[in-house]
Number of protein chains: 2
Amino acid sequence: MSGLIGADDRPMREGADEAAVFDCLEPPKARALVMAGVECFADLGFDGTTTRDIAERVDLSPAAVYVHFPSKADLLFTISKLGHESALQTLEAAAASEPPGTERIGAMISAFAAWHARNRRLAKVVQYELDAIPPERRPELNRMRRRFETVFESTIEEGIEANLLTAPDVAGAAMAILSLCIDVARWYSPQGPRSPESLGRFYADLLLRMLNAAPATA
Amino acid sequence: MSGLIGADDRPMREGADEAAVFDCLEPPKARALVMAGVECFADLGFDGTTTRDIAERVDLSPAAVYVHFPSKADLLFTISKLGHESALQTLEAAAASEPPGTERIGAMISAFAAWHARNRRLAKVVQYELDAIPPERRPELNRMRRRFETVFESTIEEGIEANLLTAPDVAGAAMAILSLCIDVARWYSPQGPRSPESLGRFYADLLLRMLNAAPATA
DNA sequence: GTCTATAACCAGATAGAC
DNA sequence: GTCTATCTGGTTATAGAC
């Protein structure tokens, strides 16, 4: 059961956006297994999920998992890597879409927070299942995670040099921004009052106050 | 192995502060099992922890766990309840220690963030293992969690009425403050540059900017 | 209250037919 | 590539001696 019941009792495909992240995956059954893995790992945790849980969701036998992935942990890595790439692309696209200063940092906060809301389950796997990644594959993810930080840091630095932002500690402020956006994956529910976009705008407004800038006018 | 190696190679008891939370527990072996449970659940997750892991840490057989707790999930509930109570007491004590307005909300942020850093492992269990709590015992915890929110909300409201704070959305601002403090449990390391108290002060400063107040002078 | 031993079950992963 | 069947080892929890 992956759907949610909408107000009109029609099941809504909540994972529709997450699906796009995995478009590049072939063959289709591997993609289906990955998408089932996202839902299971997010809802039950990596250790709470069995290969049978994943296989059942796509009407395959447990053995079929091992045709496409060498192990459960390797399936998790595939999910986590594509998830990290998607988040990073979203963040860097937002950075590139606006001129340096208030607009750029606002767009980044907004996009990064909204990504965690829109891709709630994927984000939960990305942010909370790092410990289950096979150790030899962790450096690849850690490099991408370090880029989350440096992109925020350098944009804040830029804004300070242009006299548009202030922060007592650039690395600390970047870390706090990142932290607030990441925690969205823990609590966000599509049943709540805010859409992912609305949450993104709200967080950008709040955090721009923190960075001593005038609230965004958008 | 619960110790960390200090700069001078002496093992430091990192869990010393967490121990105080469980002082009320009797008999001593039950307390020892709870403390071992905190470390295991935080480091391996509830599903990743076996009753053997817990028992081995205190040199007991797996069966000894069931003399003191009816199940592994019930041991988790005991931990989570005492953890919630400790966090709530810390928050309410901070609220009571300062006059309404900037000082009070600053003290609350500082204390709540520092609690999550100081009691890192306990906080991880409290904030990330709610799904493994037996369903019939969840309402008790949810009542306490709701109080986290209302205490922050009413304090912000107070500050706004006194013209000391501003916020576009009180519930949203309270939620963001809570969220940032909770996420400390995910990333904080005692090896990092900031002590729990220093982190608390830093977060209070950042968030008071967000609430449109002058930075705390403390 | 603690132990050893074990029941009853479930996990990840593989073998080999189709 | 997918299945059924199964291996091997680990899981929670209990039984009964001390």
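A note on names: the letters A, B, ... follow the listed sequences, proteins ahead of strands, and every chain is numbered from 1.
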Asker: Take the protein atom CG of A/D53 and the nucleotide atom C1' of C/dG12, then report the distance between them rounded to whole Å.
Answerer: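 That distance rounds to 13 Å.
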Asker: Answer with yes or no after comparing the ring centroid distance for A/F148 and A/F112 against a 6.0 Å cut-off, counting only values under it.
Answerer: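 Yes - the distance between ring centres of A/F148 and A/F112 falls below the 6.0 Å cut-off.
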Asker: Out of D/dT2, D/dA13, D/dT11, which has the shortest distance to the side chain of B/Y66?
Answerer: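 Side chain of B/Y66 sits closest to D/dA13.
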Asker: Rounded to whole angstrom units, what separation is found between the CG atom of B/L44 and the C1' atom of D/dT11?
Answerer: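 To the nearest whole Å, that distance equals 15 Å.
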Asker: Distance check needed: D/dG1 P versus A/E26 CD, whole Å only.
Answerer: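 The distance from CD of A/E26 to P of D/dG1 comes to 11 Å, rounded to the nearest Å.
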Asker: Both A/R52 and A/D59 contact DNA chain D. Which one's nearest nucleotide lies toward the 5' end?
Answerer: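 Mapping each residue to its closest nucleotide by heavy atoms, the 5'-most match is A/D59.
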Asker: For A/D74 and C/dG12, give me the distance from atom CG to atom P, rounded to whole Å.
Answerer: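 Spelled out: CG on A/D74 to P on C/dG12 is 15 Å.
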Asker: Please report, rounded to the nearest Å, how far the P atom of C/dA13 is from the NE2 atom of A/H68.
Answerer: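 Rounded to whole Å, this separation is 16 Å.
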Asker: Is B/E158 paired with B/R104 through a side-chain N to carboxylate O contact shorter than 4.0 Å?
Answerer: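 Here B/R104 pairs with B/E158 in a salt bridge, since their nearest N and O are under 4.0 Å apart.
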Asker: Under the 3.5 angstrom rule, does the side chain of A/S86 hit a backbone N or O of A/L82 as a donor-acceptor pair?
Answerer: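 Between the backbone of A/L82 and the side chain of A/S86 there is no qualifying donor-acceptor contact (under 3.5 Å).
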Asker: Could you state the atom-to-atom distance from CD1 of B/I54 to C1' of D/dG10 in whole Å?
Answerer: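 About 15 Å, once rounded to whole Å.
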Asker: Minimum heavy-atom separation for B/L206 and A/M210, please, with both atom names.
Answerer: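 In terms of heavy atoms, the two residues are closest at O-CG, 3.3 Å.
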Asker: Between B/F69 (CZ) and D/dT12 (P), how many Å, whole number?
Answerer: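 So the CZ-P distance, B/F69 to D/dT12, works out to 15 Å.
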Asker: Just the rounded figure in Å: distance from P of D/dT12 to CZ of B/F41.
Answerer: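 The distance from CZ of B/F41 to P of D/dT12 comes to 9 Å, rounded to the nearest Å.
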Asker: Output the single nucleotide from C/dA13, D/dT2, C/dT2 whose closest atom is nearest the side chain of A/K72.
Answerer: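 For A/K72, the side-chain atoms sit closest to C/dA13.
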Asker: Need one value for A/S61: base, sugar-phosphate or nothing, where a base atom within 4.0 Å counts as base even if backbone is also close, heavy atoms only.
Answerer: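 Contact class for A/S61: base.
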Asker: Any idea which of C/dT2, D/dT12, D/dC3 is nearest the B/T50 side chain?
Answerer: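 When the side chain of B/T50 is considered, D/dT12 is the closest of C/dT2, D/dT12, D/dC3.
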Asker: For a salt bridge (charged side-chain N to carboxylate O under 4.0 Å, His left out) with A/E39, tell me which candidate from A/K124, A/R57, A/R120 qualifies.
Answerer: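 With A/E39 as partner, A/K124, A/R57, A/R120 yield a single salt bridge (charged side-chain N to carboxylate O under 4.0 Å, His left out), made by A/R57.
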Asker: Which part of the nucleic acid does B/A64 contact within heavy-atom distance under 4.0 Å: base, sugar-phosphate only, or nothing?
Answerer: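 The residue B/A64 makes sugar-phosphate contact but no base contact.
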Asker: Considering only side-chain heavy atoms of A/K29, which listed nucleotide, D/dT2, C/dG1, C/dC3, is closest?
Answerer: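 Ranking D/dT2, C/dG1, C/dC3 by closest atom to the A/K29 side chain puts D/dT2 first.
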